[in-house]
Amino acid sequence: MHARGVIMATSMNMDKAYDAHKAEGKWYQYWLDQGVFDAEVNPTKKPYCIVIPPPNVTGVLHMGHALDETIQDLLIRWHRMRGFEALWLPGTDHAGIATQNVVEAMLGEEGLTRHDLGREKFVQRVWAVKEEHHSQITDQLQRLGVSVDWRRERFTLDEGLSRAVREAFVRLYEEGLIYRGERMINWCVRCGTSLSDLEVNHQQRQGHLWYIRYPAPDGGPGLVVATTRPETMLGDTAVAVHPDDERYGDMIGKTVILPLMEREIPVIADDYIDPEFGTGALKVTPAHDPNDLEIGQRHNLPSVVAIDRNGKMTSDTKQYAGLDRYQCRQQVVGDLQQQGLLEKIEDYEHTVGQCQRCDTVVEPLISTQWFVKMAPLAEEGLAAVRNGAVRFVPDRWTKVYEDWLENIQDWCISRQLWWGHPIPVWYCDDCGELTCTREDPTECTHCGSRDIKQDPDVLDTWFSSALWPFSTLGWPDQTPELQYFYPTSVLVTGYDIIYFWVARMIMMGMHLCGTEPFGEVFIHGLVRDERGQKMSKSRGNAVDPLELIDEYGTDAMRFGLTQLITHGQDLTYAPDRMVGARNFCNKLWNASRLVLMNVEGAEQVNLDKADLSLADRWILSRHNRMLAELNRQLSAYNSAQAADLLYDYVWGEFCDWYLEIAKLDLYGEDAERQATVQNILRHLLSDILRALHPFMPFITEEIWQRLAPEAGSIVRQSYPEADRRWYDEPAGADVSRLQSAIVAIRSLRADLRLPPDQKVAVTVTASRAEEADMLASQQDIISLLAGVESLQVRTAPAEPPANALTAVVSGAQVHLHLAGTIHPAQEIQRLRQDIADRESQRQRSQKKLDNEEFLTKAPAEVVAKERDRIEEVEQDIAKLQGQVQVLEAMIDDE
RNA sequence: GGGCGCUUAGUUCAGGGGGAGAACGCUACCUUGACACGGUAGAGGUCGGUGGUUCAAAUCCACCAGCGCCCA
């Protein structure tokens with residue numbers, strides 16, 4: 001038995017409007033206290049696991065994170081309710097260079113640099129900043145309602161993950177997949193570190209093409225080269241032309257004088273040269289351009305370093321030494337001009353590489369760094385996708401992933417930073433060998449010398465990220481968690497980090513664990529601001545989700561975002577969208593309020609189909625159809641369609657129709673009907689709340705606790721599934737016609753501007769007897785929903801009534817009687833407009849049916865549908881014309 | 001230069017070969033015992049352009065224009 005008083009209390013104290021903040025304040029702590037998000041190794045259940053894309057501890061979450069977390073929470077809560085052991089593992093990323101930059105900027109405001117503090121103090125400072133941001137991020141996540149297992153939270157620099165990083169590095173080193181070498185790398189002169197290719201953004205810039213003459217040693221004209229970077233000429237060691245270029249045939253093998261440096265450099269021939277570009281002669285600077293380096297290596301050219309790691313000119317540039325690279329450019333151009341060697345300057349658009357973190361133009365430099373040999377790993381990564389172990393949703397990202405892996409370059413993983421995982425390598429001062437071990441060594445493994453020093457560099461932050469799906473579960477130990485939850489189920493992220501992160505996780509997972517890190521990758525779009533700019537903290541256009549949460553509530557924001565999710569398509573930040581979702585929350589709240597106020601004392605009994613009304617059978621059918629489609633859409637990651645289904649069903653069918661109809665029985669005299677409807681409402685509301693819970697966790701818990709307080713948190717209830725036994729197409733067809741009749745009457749009323757409380761008399765002429773019976777049996781509903789006080793139902797053929805407004809709907813005509821208030825001429829005009837509309841429809845159908853090819857080539861069902869359509873339209877037109885005649889007769893009588 | 005995506009109602013966006021959809025906004029009427037964050041009835045689009053395929057194109061194909069992203 002239900003405690004009547006409890007139910008009374010629960011519905012009575014519901015506010016008239018839903019107050020999101022009141023409800024959202026209390027449930028998160030309740031969930032934590034109840035441990036409903038905790039997941040355990042549980043062999044009796046199937047695991048479902050998502051590792052969170054760890055937010056950077058640098059900053060705070062923006063709308064992009066809100067989107068990402070909303071999708072994941074939807075999936076996790078849905079699976080948890082479907083009986084999976086669902087683990088959503090939270091954590092944050094130390095975000096090496098990004099975080100270091102943030103803290104350096106803070107120091108800058110105090111007039112300090114990291115060197116003023118020293119490495120140890122600086123790192124301490126970063127940890128302090130990390131703690132601060134971490135608590136802010138945690139707060140944001142909790143406000144979002146994420147159902148993560150906080151007990152398992154990880155940080156990429158914590159002890160366990162550091163051990164995983166160490167193990168991965170040493171193992172790859174031992175396998176020869178990590179090596180140290182001198183290569184051309186991208187150098188950020190501001191950050192003072194090397195960067196991987198991915199950390200360089202290429203941007204179009206308006207620049208110049210300078211044409212510089214390199215004279216012959218004998219004072220002859222020599223040749224002219226074109227360059228976008230004149231300052232690098234100070235490091236030139238050759239001029240290259242295409243071997244087939246007739247203009248320069250006789251120059252090949254000779255030398256020219258490098259102006260300003262007055263060095264003699266050779267003219268060489270190389271297929272790489274594009275004769276169409278500039279003058280067809282390319283200045284070769286092996287130390288400062290990757291292509292020039294390759295040419296230099298092919299031709300054994302010396303390398304002259306002209307620019308140092310601070311972006312300043314080296315002593316090898318003689319009179320230019322010490323100048324900043326851009327000052328030097330001006331100086332070089334001026335000097336060339338003075339010497340008459342600058343032939344011309346053209347405007348030229350070209351791309352420059354910029355540091356992803358600080359936008360400084362990146363300098364290509366030759367440097368000794370640590371690299372991961374990618375080709376073998378890429379093979380494994382490609383295989384994982386090609387054999388179906390990893391599936392991208394939507395599929396088109398597969399090609400993006402494959403293209404990158406097929407053309408992959410080795411990955412520079414060492415960074416000249418202080419914040420990050422140290423490189424586990426020690427150099428011996430005595431024998432010069434290096435030691436790379438899992439435990440910190442005390443002596444050189446080669447000569448035993450104790451004179452060893454650890455590599456001062458740290459690892460690219462993405463190296464630890466690449467291990468995230470298994471390092472968080474305990475790898476390299478074979479923990480029960482790793483065995484149970486790995487491979488994880490799905491990775492949810494934006495397409496902007498497919499290369500940075502997704503691809504690297506797949507490669508590392510395959511290589512280090514032997515299996516893929518996740519079976520599916522759901523790629524969503526990025527959130528853009530109102531002007532279409534990508535939202536990010538560095539651009540300063542990031543919106544804190546808490547702003548929207550404060551304004552509309554978490555559930556509304558989540559639901560609004562969910563409705564905007566499409567497969568990999570970017571979405572524009574549209575706060576207006578949240579208004580609709582907020583309104584929906586209120587609708588759900590009030591519908592629940594109505595139900596809760598009326599289910600007091602209702603017993604939970606099995607519903608017997610024989611006791612059900614047409615409307616009952618209809619809503620149960622629609623309800624279960626919706627549930628089937630809902631689960632289907634969720635399985636396909638179509639969360640927006642899933643959300644729309646629920647929205648349309650709850651508002652458009654449950655509230656707009658069924659609840660209104662149910663009032664007849666709820667407030668009626670028939671106790672049995674009342675009990676039946678109460679049971680149905682209880683059942684439907686229970687399903688609706690559980691179905692909506694993954695989308696809107698707070699409001700559904702708030703209402704659930706009033707509907708079924710004895711059941712415990714809604715988080716752990718089962719997700720509703722369709723019950724096919726309730727499918728009822730005949731009821732659907734009948735209610736559809738019933739609705740048409742009601743809408744037609746309402747529409748006629750609106751045309752006359754009748755106030756709601758003015759009841760009308762209506763005659764319905766049904767085209768068939770069954771139709772008439774059905775409508776007659778539902779006259780209470782028609783009366784209630786269309787404001788009808790007297791309803792007469794009859795079967796055609798029947799004389800059209802005089803003094804009535806008429807509308808023709810599928811299967812019936814409705815006549816609204818208004819003796820004395822009808823203006824026949826006006827009404828005729830309205831009917832003629834209706835006839836004209838239908839006539840154009842008729843003609844369109846007729847045209848199709850007159851087409852021999854349509855009849856022979858179109859599928860039979862399409863043709864049949866067209867025939868039905870024209871038949872119905874013709875009947876409607878005939879009815880409308882009949883009505884016009886009646887009205888014309890009225891005019892004649894006057 | 002190569003690749004991917006987008007262009008649908010005033011705005012933000014779904015849809016994806018057989019009669020154009022949603023949210024917000026707008027208009028009219030209505031504070032009816034769940035809800036004015038509401039109800040009822042409406043207005044609003046030659047689905048970027050031009051060709052082609054097809055019995056049938058907003059939907060498929062080609063080209064063009066504009067916008068955006070990724071890779072060199």
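Residue numbers begin at 1 in each chain, while the letters A, B, ... track the order of the sequences.
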Legend entry - Rounded distance in Å between the P positions of B:rC29 and B:rA9: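 B:rC29 and B:rA9 have their P atoms separated by 29 Å.
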Legend entry - Distance between P atoms of B:rA58 and B:rC70 (Å, rounded):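 To the nearest whole Å, 34 Å.
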Give [X] one of three labels, base, sugar-phosphate or nothing, depending on what nucleic acid heavy atoms sit under 4.0 Å from its own.
| X | result |
| --- | --- |
| A:T351 | base |
| A:R749 | nothing |
| A:V743 | sugar-phosphate |
| A:D656 | sugar-phosphate |
| A:D576 | sugar-phosphate |
| A:C655 | base |
| A:Y667 | base |
| A:K663 | base |
| A:A591 | base |
| A:R577 | base |
| A:Y499 | sugar-phosphate |
| A:D644 | nothing |
| A:E660 | base |

Legend entry - Donor-acceptor pair under 3.5 Å, A:R746 side chain vs B:rU40 base: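 Between B:rU40 and A:R746, which were checked side chain against base, a qualifying N/O pair under 3.5 Å is absent.
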Inset, instruction - Confirm from the modelled atom types if A:R582 and B:rC37 form a donor-acceptor pair under 3.5 Å, side chain to base only. - result: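 Yes.
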Inset, instruction - Please name the residue in the list A:R832, A:R838, A:R830 that meets the salt bridge (Lys or Arg N to Asp or Glu O under 4.0 Å) test with A:D834. - result: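 Testing A:D834 for a salt bridge (Lys or Arg N to Asp or Glu O under 4.0 Å) against A:R832, A:R838, A:R830 leaves exactly one candidate, A:R838.
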Short side-chain N/O contact from [X] to OP1 or OP2 of [N], under 4.0 Å:
| X | N | value |
| --- | --- | --- |
| A:Q641 | B:rG15 | yes |
| A:N407 | B:rA72 | no |
| A:K16 | B:rA36 | yes |

Legend entry - Gap between atom CG of A:D648 and atom CD of A:E653 - 0.5 Å precision: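 One gets 8.0 Å once the value is rounded to the nearest 0.5 Å.
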Legend entry - Among B:rC69, B:rA34, B:rA72, the nucleotide that comes nearest once only the side chain of A:Y495 is considered: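 The nucleotide sitting nearest to the side chain is B:rC69.
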Inset, instruction - Any strand is fair game: report the nucleotide pairing with B:rA58 by Watson-Crick or G-U wobble, both distances under 3.5 Å, or none. - result: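 The answer is none; no pair meets the criterion.
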Inset, instruction - If the plane angle is over 60° it's perpendicular, under 30° parallel, otherwise tilted; pick one for A:W589 and A:Y18. - result: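 Because their plane-to-plane angle lies in the 30° to 60° range, the rings of A:W589 and A:Y18 count as tilted.
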